[in-house]
Number of protein chains: 2
Amino acid sequence: MSSIREVAKLAGVSPATVSRVMNGTANVVPEKRERVLAAIAQTDFVPNEVARTLFKKSAKTIGLIIPSIRNPYFTQLADFLDALAEQNGYRLSLYNVGRDPEKQRAAIQMLVAANADGVIYAAETDVLHESLKSCPIPVVALDTRLSGEYAQACIYADYYQGARLAMEHLLDCGCKSIVCIKGPQQVYSARCRYEAYRDVCCERGLAEQTVTCEYDFGEGLAVTETLLERFPAVDGILACNDIVAISAYKVLHQRKIAVPQQIQLVGFDDIDLSTLLSPELTTVRQPLREMAEKAMEQLIRRDNETEMKKEFMFPVVLIQRETTKRRGTEQ
Amino acid sequence: MSSIREVAKLAGVSPATVSRVMNGTANVVPEKRERVLAAIAQTDFVPNEVARTLFKKSAKTIGLIIPSIRNPYFTQLADFLDALAEQNGYRLSLYNVGRDPEKQRAAIQMLVAANADGVIYAAETDVLHESLKSCPIPVVALDTRLSGEYAQACIYADYYQGARLAMEHLLDCGCKSIVCIKGPQQVYSARCRYEAYRDVCCERGLAEQTVTCEYDFGEGLAVTETLLERFPAVDGILACNDIVAISAYKVLHQRKIAVPQQIQLVGFDDIDLSTLLSPELTTVRQPLREMAEKAMEQLIRRDNETEMKKEFMFPVVLIQRETTKRRGTEQ
DNA sequence: CATACATATGAAACGGGTTTCAAACATTGA
DNA sequence: TCAATGTTTGAAACCCGTTTCATATGTATG
């Protein structure tokens, strides 16, 4: 409630001096410093961050734009980023925008209007709003790939390779009829994964068998039902992420279809939950923490940066667990 | 980048007129209005929310303080609250504080300094910081109970009754040796649940058998191992929440202990995940959406409020699914 | 046509920390 | 002792959208 001017009056100094004491921006004679500190303590003075932000034109805030706060993948990402932001003296501000372009536009605009210092863009729509192009604060794409005019850096994993690894693993494990549950095709990672599936099918002379699904438990269940009806011979499922894989497992279990004996299953992302499923989920892991670190670094330590567009692709690794048959030594 | 003064100059009017056009706070002659709108469009002007907040002393923001963004229970809550805030023209600002009192204090202070309009407090520690008492913005406790000097309203569910229902259900289903996995005892809901367990044990002349666990997958696994060692005769588990229940199931499954045939299991909260487990989790549901609505309402529509302390206890309901044996008609 | 009243509009103050600038004071060296 | 350099400090400007207040213009009534 109290302002710096009240504190100043109480301490018998100018507001400028109080500011200098608080921020250590200049020397203040010890005797006055003491008086100021006493006045601050006495009035429970908390400097108004809004006024500070207005002048400094920096809210010390990084915005994170994600499609869903209910999706554990993004929640895990947000947790990493939150910790990293805090370590660097920033706040993370979450924007939950679904796949609604209008909400995305609004989020960016709000961040700009709030003097945020950067945006990590982890959502995706088919229409990328112009507001990203002319965005006066730096934008880093995470878990997706945007062209240079939209983002100053892109951080993503080798989704294509991930799906290849998964496909080859399913084939190694003896699958003859693999169905791909495609993710939303406006999502970069989902497109890459599907492309790998398609390419492997093509190389091996297999027929493409796909269904499409949003990243959502409910839809995952429904789509799996459809899948079983449309492709009764299925013996392998490549799911677009772990959420959908877990939903698929649920349906298989209900139908008393044994996993991995009758149908083998691979997910993507290696979310915490994937080891909690029984049987544990075979999945493709991306180095989420390292990707989060890179994203934050691109926004915060942009000192000696070359102006060129930066792309960072991280390697993925297949984590064999219990929804596929073991291969190799333990066969 | 452009300011209201630049827009004003371009339109040949004063900043006040631009402000009036943007906010519709006063009549502006159509011809000038047009010029202003044109100038806004031409300069891509976005009003600086920070300056607005500074003057209005309101950021149109509600803070939400939660212990963990990784816990789906809080994530679901945040999702509801986010939607509600938006509907009412507010932003939700998330603070992930764990059980660290210092982080909680910092979160409250930051919200005050940012001119937030209210706080929903859903975290909990053993030390409640003084900063809550003298907090100049309204605080509502959600999923917990604070004394009147700390919060202007408390919204929680009948946790005690929930645990009683769960216990009675387990007993009805034939359990003779029920172990309670207690949650962190500084958490109100965890205390209530334990008390109900204790009371039922007492009433029925059963020995108390408890272990304690944080709300965390990893700890849930470890604690379940301990439990099986300490209480080998266990045939029923009352878990402090669904996360822990799911962890417990995982261990039981690994050990080839049949659920519900050998051990029956009840969780709490009915998170989305609980139907995704196979078998589906029997749990106690609280009306989360309604509770979120009540919390938001208490902060936003506090017009004709009586100054008295408000407590709202919501009813809970037992959701019988597959981790307990059916009773009643389907026995 | 003059008085009264409503409407439109800009200048200026405001909110509250921060920073610049210059004045005031202290210290060092000649 | 005086000039020169360094240090401390407060007044005032600044960030920028909003609002007040007074002026100016227009309309309605007598």
Side-chain angles (χ1 to χ4, degrees), chain A residues 1-37 39-40 43-61 89 109-117 136-137, chain B residues 1-37 39-40 43-61 89 109-117 136-137:
Chain A
M1 285 287 82
S2 44
S3 77
I4 200 173
R5 283 168 231 265
E6 292 173 50
V7 172
K9 196 189 292 180
L10 189 63
V13 299
S14 75
T17 300
V18 177
S19 175
R20 288 190 269 251
V21 170
M22 287 192 305
N23 301 302
T25 41
N27 282 348
V28 172
V29 145
E31 186 248 333
K32 282 188 180 164
R33 154 172 286 110
E34 289 312 315
R35 291 213 312 265
V36 168
L37 291 174
I40 289 176
T43 53
D44 286 324
F45 172 61
V46 176
N48 185 323
E49 200 51 39
V50 179
R52 173 175 237 269
T53 297
L54 179 61
F55 187 89
K56 294 267 203 158
K57 297 200 224 283
S58 156
K60 292 299 252 175
T61 293
Q109 180 169 321
M110 286 167 89
L111 282 164
V112 170
N115 286 355
D117 304 273
I137 54 180
Chain B
M1 286 289 82
S2 45
S3 76
I4 199 173
R5 284 167 230 268
E6 292 173 50
V7 173
K9 198 188 292 181
L10 188 63
V13 298
S14 74
T17 300
V18 178
S19 175
R20 289 190 268 251
V21 170
M22 288 192 303
N23 302 300
T25 42
N27 281 347
V28 172
V29 143
E31 185 249 330
K32 281 186 182 165
R33 153 172 287 111
E34 289 313 315
R35 290 213 314 264
V36 168
L37 292 175
I40 289 175
T43 52
D44 287 323
F45 172 60
V46 176
N48 184 324
E49 199 51 38
V50 180
R52 174 174 236 269
T53 297
L54 178 61
F55 188 88
K56 294 263 203 162
K57 296 202 225 286
S58 155
K60 293 298 254 173
T61 293
Q109 180 169 320
M110 286 167 90
L111 282 165
V112 171
N115 284 357
D117 304 274
I137 55 180

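Keep in mind that this is a model prediction, so the values were computed, not measured. Each chain gets a letter, A, B and so on, in the order the sequences are listed, and its residues count up from 1.
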| task | Check whether any side-chain heavy atom of B:L54 sits under 4.5 Å from a side-chain heavy atom of A:N48, and report yes or no. | result | yes
| field | Minimum-distance nucleotide (side-chain atoms of A:F55 versus C:dG10, D:dG17, C:dG17) | value | C:dG17
| query | Between C:dT9, C:dG15, D:dA11, which nucleotide gets closest to the side-chain atoms of A:S14? | reply | D:dA11
| query | A:I4 has a side chain; which of C:dG10, C:dT18, C:dT7 sits nearest to it? | reply | C:dT18
| task | Kindly indicate whether the side chain of A:R52 and the base of C:dG16 share any N or O donor-acceptor pair separated by less than 3.5 Å? | result | no
| Can you check whether A:S3 has a side-chain N or O nearer than 4.0 Å to OP1 or OP2 of C:dG16? | no
| request: Name the nucleic acid region contacted by A:V13, choosing base, sugar-phosphate or nothing; use a 4.0 angstrom heavy-atom cut-off, strictly under. | output: sugar-phosphate
| query | Hey, which of these two, A:N48 or B:G12, hits DNA chain C nearer its 5' end, going by closest nucleotide? | reply | B:G12
| Chi angles and distances behind the side chain to side chain contact (heavy atoms under 4.5 Å, CB included) call for B:T17, B:R35 | CA-CA 11 Å; B:T17 300; B:R35 290 213 314 264; over 6 Å; no
| request: Select one nucleotide: of D:dG17, D:dT19, C:dT19, the one nearest the side-chain heavy atoms of A:A16. | output: C:dT19
| query | In whole angstrom, what separates B:N23's CG from D:dG17's C1'? | reply | 8 Å
| said: Heavy atoms from C-beta onward define the side chain here; which of C:dT18, D:dT9, C:dG10 lies closest to that of A:P15? | reply: C:dT18
| Side-chain donor/acceptor contact of B:R20 with base of C:dG10 under 3.5 Å | yes
| task | Name the residue closer to the 5' end of DNA chain D, choosing between B:M22 and A:T17 according to the nucleotide with the nearest heavy atom. | result | A:T17
| task | Just compare D:dT9, D:dT19, D:dA11 and give me whichever is closest to any side-chain atom of B:K56. | result | D:dT19
| said: Please evaluate residues A:V36 and A:V28 with respect to the criterion side chain to side chain contact (heavy atoms under 4.5 Å, CB included), reporting the C-alpha separation (whole Å), side-chain torsions for both, the decisive distance (0.1 Å), and the verdict. | reply: CA-CA 10 Å; A:V36 168; A:V28 172; 5.8 Å; no
| field | Of the listed nucleotides D:dT19, C:dT9, C:dT18, the one nearest the side chain of B:V28 | value | C:dT9
